[in-house]
Amino acid sequence: MPEKSENKKIKNLKQKLLYEKKNVCETLTDEEIREADAFCEGYKAFLDRGKTEREACAEAVKIAKKAGFSAFEYGKKYKAGDKVFLNNRDKALIAAIIGKNGVRGGANIVAAHIDSPRIDLKQNPVFEDGELAFLKTHYYGGIKKYQWTAIPLALHGVIVKSDGKTVTVSVGENEKEPVFSVTDLLPHLAEAQYKRPANQLIKGEELNILIGSRPLRDGGDSGGVKLGIMKVLHDKYGITERDFASAELEAVPAFKARDVGFDRSIVGAYGQDDRVCSYTALTAITGVAAAPERTAVCVLADKEEIGSYGNTSLGSRMLENFMSDLADAEKITARRAVSLSKCLSADVSAAFDPTFPDVSEKQNAAYMNCGVVMAKFFGSRGKAGTNDAGAEYVAEIRRLFDENGVLWQTAELGKVDAGGAGTVALFISNMGADTIDVGVPVLSMHSPFELAAKTDIHMAYKAFGAFCTALR
Ligand code: MN
Ligand code: MN
């Protein structure tokens, strides 16, 4: 027998019997890759305009309105194809398209989060020391604190004065505006600092943001740097130091989203966890043309990075209440609508990093450019604290993706005992809905500059689109 035909037979068998992850760039057409690149231009603009949960929520509302969605009204009779959104305190959003069957047989829910790790200001933040003025901070979410020093930071958020008037703050995004920065020690004097464990290389109380250095001058008298800064803030925003008590000010990296690599194949930006799934889920649902069979719901939640606590998070009744409002209109119980629902918990996954291979188990790691990640479970130390999707539901989603040209890979977060993480999946599955984690693999997660491959981003969009329209 000639050697060649035997090789072919083995090749065919391999293809048939083995699961090998493939770089989708080898499968996609030139046109499909161009499509992915073009899609990411809109994504980058979204990232630049929405650097906080409030800004991302405002952008999402704009996108929804443009696509014909209108504010949800309780008690109003909606019909198939109607498009509604519910803005939860300007920090979280639910958008929905009413399906032909309403929520009678459950809804298809894609849930992502629009908050990202960052540095929040304390409520009494301003201080002066060493002829410099600073802001005291309390970081938000899991950050490697040392990554946030010595980079340009922008300040975003709101200051709500005691009379209820809101001042919106955004400083540092426009090139003409100043930026801020957390100082770090010069290496020459870092001998003692180097001996600290890495998670204390910069301590929480050392994340002080430099905001000025010139004392207030009044003729020959000096009022100090802090007073000088408070004068600037009073002139610009009409605020006094007490107003910080009712402010939400967030320091985020001041740089914009960029293409990364000579081939421009990767998006590098702050806040891709989880605005990458937020944008792809939202554009997928707002792109749905005709009424789907089942009502399609897209949730963009807040507070995921601190454990989904509070009334803008998915740990709250926010989604359940909305489902209940829809169910009321159809005269069915909410618990029935929710328990028959199906959900993609849309969040990022850790991409395999060849520089740090030890934390991954290669066979069950996610790889860049290998498609959306399906994670049956996350959790840590023995699947603790995770949703673990049922095999039947995984099969259903797998089939949906295969039938709709969605290239996917299965993965978990890292080696079994390496650490772990959670997503919003368990909150929704605890409500009774079938839920699985699906998302985009990301490098340098939770850093000021996260990386995601353009083909994976576009594949997430396709996955969420198929889920909204084709899952029965
Ligand atoms: Mn996330
Ligand atoms: Mn995260």
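Both ligands and their constituent atoms are indexed starting at 1 by order of listing.
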Inset, instruction - Tell me, yes or no, whether the heavy-atom count around R196 atom CZ, taken from other residues, nucleotides or ligands under 6.0 Å, exceeds 12. - result: yes

Inset, instruction - Take the Mn ion (ligand 2) as the centre and count protein N, O or S atoms at distances under 2.8 Å. - result: 4

Inset, instruction - Please say which of V297, V103, T295 ends up in a side chain to side chain contact (heavy atoms under 4.5 Å, CB included) with I98. - result: T295

Legend entry - Aromatic ring proximity, centroids under 6.0 angstrom, Y43 and Y461: no

Legend entry - Test: D259 and K454 ion pair at under 4.0 Å: yes

When the side chains of residues 364-372 are checked against the rest of the protein, which donor-acceptor pairs come out under 3.5 Å, sequence neighbours left out?
residue	atom	partner	partner atom	Å
N364	ND2	E361	OE1	2.7
Y367	OH	K362	O	2.7
N369	OD1	T455	OG1	2.6

Inset, instruction - Report yes or no: does T423 contribute a side-chain atom to a donor-acceptor pair with the main-chain N or O of A425 at less than 3.5 Å? - result: yes

